Amino acid sequence: MSLPEYSLKNKKVVWFFLFVLLAGGALGFVTLGKKEDSTFVIKSASLVCTYPGATPLEVEQLISEPIEREVQSMRLVHKITSESYYGLSKIMVELDPATGAAEIPQLWDELRRKVLNIQPRLPAGASPVTVADDFGDVYGIYYGLSVDGGFTWSELREWAQRIKTALVTVDGVQKVTLFGEQTPVVNVYVSLAALANFSIRPESIVRTIGQQNTIVNSGEKQAGALEIQILEDGAYKDLGDISNQLLISSSGKQYRLGDIARVERGYADPPQTLMRVNGRRAVGIGISTEADVDLVKAGEKVLYPEDRIAREANSTFILNLAESVAIVILIIMLVMGFRAGVLIGSSLLFSIGGTLLLMQFLGEGLNRTSLAGFIIAMGMLVDNAIVVTDNAQQAMLRGVARRQAVIDGANAPRWSLLGATLIAIFSFLPLYLAPSSVAEIVKPLFVVLGLSLLLSWGLALTQTPLFGDFMLRVNPAAHDPYDTKFYRKFDRLLAGLLRWRWGVVAGVVALFALSLAVMGLMPQNFFPSLDKPYFRADVLLPEGYNIRDTERNLRLMEEWLHEQPEVKTVSVTMGSTPPRYYLASSSISLRPNFGNILIELHDRKQTEEVE
């Protein structure tokens, strides 16, 4: 018994599975994780080591090169890039692009072991090497907490920490990072003349403060059955304790630190990073959600409008789906009749619903790549149903009974339709099997196309005959249905093309060569330009400029931007790029001569003009 025959004899079974496809698809659309971009692992890690007082050449020879040689022995390393500055070494380790995402955490553990091996061989005074393997985390939800001049940096930092504490407890939030925090410090200003007058060396002040402010274990005392913990309360509590610290001069006399120095609260100067939003001091708050979490729901919980991007993408998908179904039904109604249009359009809905259902089991979510797969598949999902419906209608025109017509219409081309379906699927297989990071991004595209097209073939052999048995109404024709004016002209056209077949082949080859030439002239970017009302600009000043110089230059640009009527918001970061809020955005860290400007406009149509 063939599949079409089984479907007609067991209608309740088919109706049950069709209901599962629709209900499961509707449930899947609601529950599937929704993000702007598909999950993508950046195979890079950064190593940072400070060596105060060293020149770039000394940093390269004593820090960067030993670390590079040690890391080179690690497997699957593709490229190592180092940058040596005054007192600072930055090393970027890139893995082989073909490395699987599941293997990367183990490789980063291996990298940390390599760093631990080289640490004892670094010169005295070098800091521990910091390994950052979360280099590629995308913080798709990005705040800017700004204040006016009435707030201090400490108050701004405290409120940012409070917000971070509240956000990390939200369901679906994986990580929260802060950018532009200013570290509070205690500054001790000492006059060299005063030190010479009191016979006190600067290093003795540093040593005394360090020893006094150290927490030590004072031990315990056994008192009968009780054990009493002895506490040594010598750490500094406020600025007065530091000012009252006693110093011993080389002559043996004692002096208060406050008598020879000025002790004040302040912030680390120069700062490593700075941020401003619309000219006001700010701290950036980046939120990264879990891979399988619905960004729309997570965005609603944290009250940030970034979730509108994912919501708009899904709303656009529903609109495109409705438009596609309407266009398919309309065109087929005009060509094949009203009933055939409804039949084939319903097949499209079942295919999409079943695809959404199966995506839940495969762990795929809704993002720009998977939605693009649906849009691409729209034109191919109806092909199988069209062939089966047309075959059935032509058989009915020749006088075949409706039931037998729909069975024969599905059975006759079933293997050729399967072959055509597999060819369409396998044409996208190279993207899925690409030995690079590209495969991770476009994987949902292949999954959606594969699932939907295979479902469309299965539905063409089950749902289409079932619906066609009670929907198609075609009266037998008195003559050959292909003996019409249109088909006679079409036959003459085909005959002419066959007579001039070599000319046709030459024309096809010429068109193919022309298409390759035109494709070479077109701009090629893997990531499309942002279709959003904002853009970013990086500012890199010559080496030697400090972060304050960068701040002064960016302030001038910021003031000019605010004068433009198209500009809505200007966010400026200095010393580093902000947290990676967009997958394709570049990342630069710890460069005092670097700045980044993020400009939001009133209308996305103005982006090119202002940019």
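Note that the coordinates shown come from a computational prediction; the quantities given were computed from them, not determined experimentally. All heavy atoms count here, side chains included; hydrogens, waters and symmetry mates do not.
- At a threshold of 4.5 Å between non-hydrogen side-chain atoms, the residues Phe535 and Leu601 count as touching.
- No more than 12 heavy atoms of other residues, nucleotides or ligands lie within 6.0 Å of CZ in Phe16, so this atom counts as exposed by the packing criterion.
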Report task. For side-chain hydrogen bond (donor to acceptor under 3.5 Å, both in side chains), just list the numbers for Glu364 and Ser370, CA-CA rounded to whole Å, side-chain angles, deciding distance to a tenth of an Å, and then say yes or no. Result -> CA-CA 8 Å; Glu364 295 292 342; Ser370 60; over 6 Å; no

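- For the pair Asn278 and Lys568, the tightest heavy-atom approach, listed with the atom from each and the gap, is OD1-O, 4.1 Å.
- Looking only at atom types and distance, the side chain of Ser346 has a donor-acceptor partner in the side chain of Gln463 under 3.5 Å away.
- With values rounded to the nearest 0.5 angstrom, Ile425 atom CD1 is found 3.5 Å from Leu454 atom CG.
- The two atoms that bring Lys43 and Pro97 nearest to each other are CE-O, 3.6 Å, heavy atoms only.
- Within the 4.5 Å cutoff, the side chain of Leu461 has no heavy atoms near those of the Ser7 side chain.
- Remark: the backbone N or O of Phe470 is paired with a side-chain donor or acceptor of Arg473 at under 3.5 angstrom.
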Query - Chi angles and distances behind the side chain to side chain contact (heavy atoms under 4.5 Å, CB included) call for Phe179, Thr573 - result: CA-CA 9 Å; Phe179 179 88; Thr573 58; 3.5 Å; yes

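- Thr177 and Pro579 get closest at one heavy-atom pair: CG2-CG, 3.9 Å.
- Judged by distance alone, the side chain of Arg339 and the main-chain N or O of Met471 form a donor-acceptor pair under 3.5 Å.
- Ring geometry for Phe467 against Phe350 counts as perpendicular: the plane angle is over 60°, on a 0 to 90° scale with 30° as the lower cut.
- Summarising the geometry, atom CZ belonging to Phe17 is positioned 15.5 Å from atom NZ belonging to Lys12; distances are rounded to the nearest 0.5 Å.
- Inter-residue side-chain proximity for Leu455 and Leu358 is flagged as met; some heavy-atom pair is nearer than 4.5 Å.
- Atom CZ of Arg501 is surrounded by 12 or fewer heavy atoms from other residues, nucleotides or ligands within 6.0 Å.
- The two residues Leu76 and Glu103 have their closest heavy-atom pair at CD1-OE2, 3.7 Å.
- Between Phe490 and Phe486, the ring-plane angle classifies as parallel under the 30° and 60° cut-offs.
- Of all the heavy atoms in Met396 and Leu472, the pair that sits closest is CE-O, 4.0 Å.
- Distance CG/Leu381 to OG/Ser351: 5.0 Å, rounded to 0.5 Å.
- Heavy atoms of other residues, nucleotides or ligands lying less than 6.0 angstrom from NZ of Lys164 number more than 12.
- Note that OG1 of Thr577 is 7.0 Å distant from CG of Asn596, once rounded to the nearest 0.5 Å.
- Summarising the geometry, atom CG belonging to Leu516 is positioned 11.0 Å from atom CG belonging to Leu511; distances are rounded to the nearest 0.5 Å.
- In this structure, Leu362 and Leu451 have side chains that are in contact, with non-hydrogen atoms separated by less than 4.5 Å.
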**Report entry** Check against side chain to side chain contact (heavy atoms under 4.5 Å, CB included), Arg536 and Ile599
**Finding:** CA-CA 6 Å; Arg536 54 173 287 175; Ile599 300 101; over 6 Å; no

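- Taking 4.5 Å as the limit, some side-chain heavy atom of Leu111 sits within range of a side-chain heavy atom of Trp108.
- Residues Met333 and Val342 meet the side-chain proximity criterion, which asks for heavy atoms closer than 4.5 Å.
- We find the CG-CG distance between Leu343 and Leu466 to be 9.5 Å, quoted to the nearest 0.5 Å.
- Residues Asp469 and Arg402 meet the side-chain proximity criterion, which asks for heavy atoms closer than 4.5 Å.
- Remark: the backbone N or O of Met336 is paired with a side-chain donor or acceptor of Gln393 at under 3.5 angstrom.
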Query - Intermediate values then yes/no, side chain to side chain contact (heavy atoms under 4.5 Å, CB included), Val406 and Leu8 - result: CA-CA 10 Å; Val406 295; Leu8 292 176; 4.0 Å; yes

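- The closest side-chain heavy-atom distance from Leu433 to Phe446 is not below 4.5 Å.
- Pairing each heavy atom of Leu459 with each of Ser347, the nearest pair is CD1-O, 3.9 Å.
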**Report entry** Verdict with reasoning, Trp457 to Leu418, per side chain to side chain contact (heavy atoms under 4.5 Å, CB included)
**Finding:** CA-CA 7 Å; Trp457 178 78; Leu418 177 61; 3.5 Å; yes

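- No hydrogens or angles considered: nothing links the side chains of Asp383 and Ser456 as a donor-acceptor pair under 3.5 Å.
- A donor-acceptor distance shorter than 3.5 angstrom exists from the side chain of Thr99 to the backbone of Asp96, with no hydrogens or angles considered.
- For Asp390 (side chain) and Ile386 (main-chain N/O), no donor-acceptor pair under 3.5 Å exists by modelled atom type.
- In summary, Glu5 and Arg403 do not engage in a salt bridge, as defined by a charged side-chain N under 4.0 Å from a carboxylate O.
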